[in-house]
Amino acid sequence: MEGKGTFKDHQGNVYEGVFKGGKMNGFGHFQGHDGSKYQGTFVDGTISGEGVYSFSNGMIYEGEMLSGMMHGKGSLSHPKRKKVLIGQFKNNRLITNDHGEKAH
């Protein structure tokens with residue numbers, strides 16, 4: 001598949017966006033069967049680059065992603081708890097906050 005299109009897998013996950021070489025590549029929208037959502041960049045079939053990921057539990061991550069994980073500069077928040085973590089993430093964990101301090 002090449003160019004813009006929509007793909008739905010057997011689990012009910014839906015991707016709408018750009019395909020290259022049969023894989024998700026470029027900007028797209030992903031809706032997970034569990035209620036999670038992602039809007040942003042894909043590289044070779046995985047979430048990588050800038051985007052917004054809304055987890056099924058209500059948490060929202062906005063920032064850099066690598067291979068489907070929070071990785072790079074970003075913010076993680078929960079609308080009901082009003083707590084926001086801002087800083088550098090690596091492999092889904094906050095490693096330094098926005099003041100450059102190591103996260104606990």
Mind checking whether [X] and [Y] have side chains closer than 4.5 Å, heavy atoms only?
X     : Y     : result
Thr6  : Val14 : yes
Phe27 : Gln39 : yes
Ile60 : Leu76 : no
Ser75 : Leu85 : no

Check: Is the distance between the ring centroids of Phe30 and Tyr53 under 6.0 Å?
Finding: no
Check: Quick check, are the ring centers of Tyr15 and Phe42 under 6.0 angstrom apart?
Finding: yes
Note to self: Donor-acceptor check, side chain of Glu64 to backbone of Lys73, threshold 3.5 angstrom: yes or no?
What the structure shows: yes
What closest approach, in Å, do [X] and [Y] show between heavy atoms, and which atom pair accounts for it?
X     : Y     : value
Met70 : Tyr61 : SD-CD1, 3.3 Å
Asn57 : His78 : O-NE2, 3.2 Å
Gln11 : Asn13 : OE1-ND2, 3.3 Å
Asp34 : Ser56 : O-CB, 3.1 Å
Lys37 : Gln31 : CE-OE1, 3.3 Å

Next item on the list: Among Val43, Thr41, Asn25, find the residue that satisfies the side-chain contact (heavy atoms from CB on, under 4.5 Å) test when tested with Ser48.
Entry: Val43
Check: Same cluster or not: are Tyr38 and Met59 linked, directly or through other Ile, Leu, Val, Met, Phe, Trp or Tyr residues, by side-chain heavy atoms under 4.5 angstrom apart?
Finding: yes
Check: What distance do Asn91 atom CG and Met69 atom CE have between them, rounded to the nearest 0.5 Å?
Finding: 4.0 Å
Notebook entry, point to check: Roughly how far, to the nearest 0.5 Å, is NE2 of His71 from CZ of Phe89?
Noted result: 12.0 Å
